[in-house]
**Q** 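Please read through the structure below; I'll follow up with questions.
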Amino acid sequence: MTAPTLILGAVAAPGLTDAVGDLLAQLEQQPYGQVSTSVYETGRLVADAPWVDGHARRLAYLLAEQGADGSWGPAGGYALVPTASAVQALLASLVRADPPDPAGPDRIEVVAAAIRGLAALARCLGDDAAMPDTPAADLIVPTLVARVDAHLAELAGVPTLAGAPGVLPRVDRRRVDAVNALLTSGQPVPSKLWHAYEVLGPAAATRDDVAPVDGAVGASPAATAVWLGHRRTDDPAARTYLDAVVARQGGPVPCCTPITVFERSWTLATLARVGLPVDPGARLLAELAAALGPDGAATGPGLPADADTTSTVLYALARLGRPVDPASLLHYDLGSHFCTWRGEDGQSVTTNAHVLEALGWHSRHGADRYTARVASLAGWLRDVQGPDGLWTDRWHASPYYATCCAVAALAGYAPPAVADAAIDRAVERILADQRDDGGWGRWSSTAEETAYAVQILLGSGRPIRPAVTAAVSRAVEHLRADRSDYPPLWHDKDLYAPILIVRAAVIAARKLVLAVAPTINQALSTTTPEAARSRA
């Protein structure tokens, strides 16, 4: 390890004030939000809505995103959903015999990609494969595997598909069968299902209780396109939504859009949490407050309100001088912890960390009725810390995001007797996890995950030890500039990146570094290479 270098100038340009101003301007100028494109969602439009503009470019996008091993998406089970979607989409294109288009690949290229994808999908579905904990995966995978098998039967006479798997491994369909039974029963259906309307099948077409909200079905381009196909009519608002989403990326689409409330609340909360001066303007704050209903706020139109979005909206508004009583959060209180929404399978660390911040702020500012709940929730959050010192969560692929959320909540609002030991364990693990290049990351170093690690080291209120000094100085290179090509790490139907939210995390980390830079620089200027190695 080389000796750390002085870091004050390394993150000073571009200036934080300019970076924050640009971020706030984009929140205003692009209210739909900025989200990376999705292989899963784009594949659904290729398969189910070739009539939407940009079809050939979507096909080309699928081929360009295919990995060297024939799959789509990262490791750890995350390739299963996008690979199933892309393979089924390519086979659907071959079954339809889509006419050639100069903007897209030719049939030979599609066949080659489909064969490689089929082999990869068969591997993903092998005995050791794990279903990812992403929304609707237990509906998406069996539905698409069945469609792939049907396409293979239809294409059985195509010589160029010789050697492709004839039938894919079996997939558990119990969840699909249960949802189909519910859809045909006439009973109420949880509105969160409409986000995955595209895989619900013909039973969904009989339901009158699903309709576009602000043009979108379940805040999903794929769900909206299939809903339009089922209705065999042109709903002007839905078609306008779909065309606008497609136009933004020239063909490929994101999984969830718009994300207005989600993007604004997370971005503002992240900046305010570290003490950056934030003035988003009265109109944006009023719109954020208006998103709160009796049950709280929802991530996007047509999605149910949830405790995660609600608590982050409440915390952002409170930190920016517009506090709203957090009573809506009590709808999600299970006694031991808070659910993301009623009927949730599992539990979310980050949802509860955000609830702790929202209730903690109000408790500290006079709402004594929440004080006992804050203390007990802090204890729950401490108790679910992993034995390695990290937290993991169902809304993000990286443990560094969950750990950053938990540490921030505990450091800010938990009694020291509850928080200190847990935070110390997290800090020690973060120090141990730093990669040789100075960054942090589940698969490789990323600016986003490095930002979370730096926030844990510098934003937890713990003393800045020599080991922290050395680690932060080595990490600065990953925080130098704002970017827009962040790798997808957030959970939706497949992984995605909410661009401005990630940028806010990086800016927040840079602010913390600058705040302690004189102390760190002084320590580094008197640290020999040998001492730096021994203390790191």
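The structure presented is a predicted model; accordingly, all values stated were derived computationally and were not measured.
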**Q** Taking atom types as modelled, is there a side-chain donor on Tyr452 or Ser398 under 3.5 Å from an acceptor on the other?
**A** no

**Q** Check for me whether the distance between the ring centres of Tyr401 and Trp490 falls short of 6.0 Å.
**A** yes

**Q** Which is it for Arg264 and Glu287 under the side-chain contact (heavy atoms from CB on, under 4.5 Å) test, yes or no, and what are the steps along the way?
**A** CA-CA 10 Å; Arg264 289 177 171 182; Glu287 291 173 355; 2.6 Å; yes

**Q** Can you find a pair of side-chain heavy atoms, one from Leu80 and one from Leu121, that are under 4.5 Å apart?
**A** yes

**Q** Heavy-atom count check: over 12 atoms from other residues, nucleotides or ligands less than 6.0 Å from Ile108 CD1?
**A** no

**Q** Do Glu263 and Tyr32 have side chains that get closer than 4.5 Å, going by heavy atoms?
**A** no

**Q** Output every pair passing side-chain hydrogen bond (donor to acceptor under 3.5 Å, both in side chains) with a member in residues 177-189, not counting sequence neighbours, ordered by first then second residue.
**A** none

**Q** Which of these passes side chain to side chain donor-acceptor pair (under 3.5 Å) with His396: Glu448, Arg442, His491, Glu449?
**A** Glu448

**Q** Does any part of the side chain of Leu193, heavy atoms only, come nearer than 4.5 Å to the side chain of Leu139, both counted from C-beta?
**A** yes

**Q** If only atom types and distance count, is the side chain of Thr224 paired as donor or acceptor with the main-chain N or O of Ser220 below 3.5 Å?
**A** yes

**Q** For the residue pair Leu91 and Leu118, establish whether any side-chain heavy-atom pair is separated by less than 4.5 Å.
**A** yes

**Q** May I ask you to check whether Thr83 and Ser71 show a side-chain donor-acceptor distance below 3.5 Å?
**A** no

**Q** side-chain contact (heavy atoms from CB on, under 4.5 Å) with Leu268: which of Leu27, Leu317, Thr312, Val313?
**A** Leu27

**Q** Do you know which of Asp133, Asp345, Asp308 makes salt bridge (charged side-chain N to carboxylate O under 4.0 Å, His left out) with Arg394?
**A** Asp133

**Q** Only pairs at least two apart or in different chains count here, so list each ring pair (Phe, Tyr, Trp, His ring centres under 6.0 Å) that has a residue in residues 228-255.
**A** Tyr197-His230

**Q** Tell me, with the steps shown, if Leu381 and Leu377 meet side-chain contact (heavy atoms from CB on, under 4.5 Å).
**A** CA-CA 6 Å; Leu381 196 60; Leu377 185 57; 5.8 Å; no

**Q** Among Val253, Asp492, Ile140, whose side-chain contact (heavy atoms from CB on, under 4.5 Å) with Tyr40 holds?
**A** Ile140

**Q** Between His354 and Tyr315, does the side-chain contact (heavy atoms from CB on, under 4.5 Å) criterion hold? Intermediate values first, please.
**A** CA-CA 8 Å; His354 294 145; Tyr315 180 73; over 6 Å; no

**Q** Hey, which of Lys493, Arg174, Arg175 is the one that makes salt bridge (charged side-chain N to carboxylate O under 4.0 Å, His left out) with Asp138?
**A** Arg175

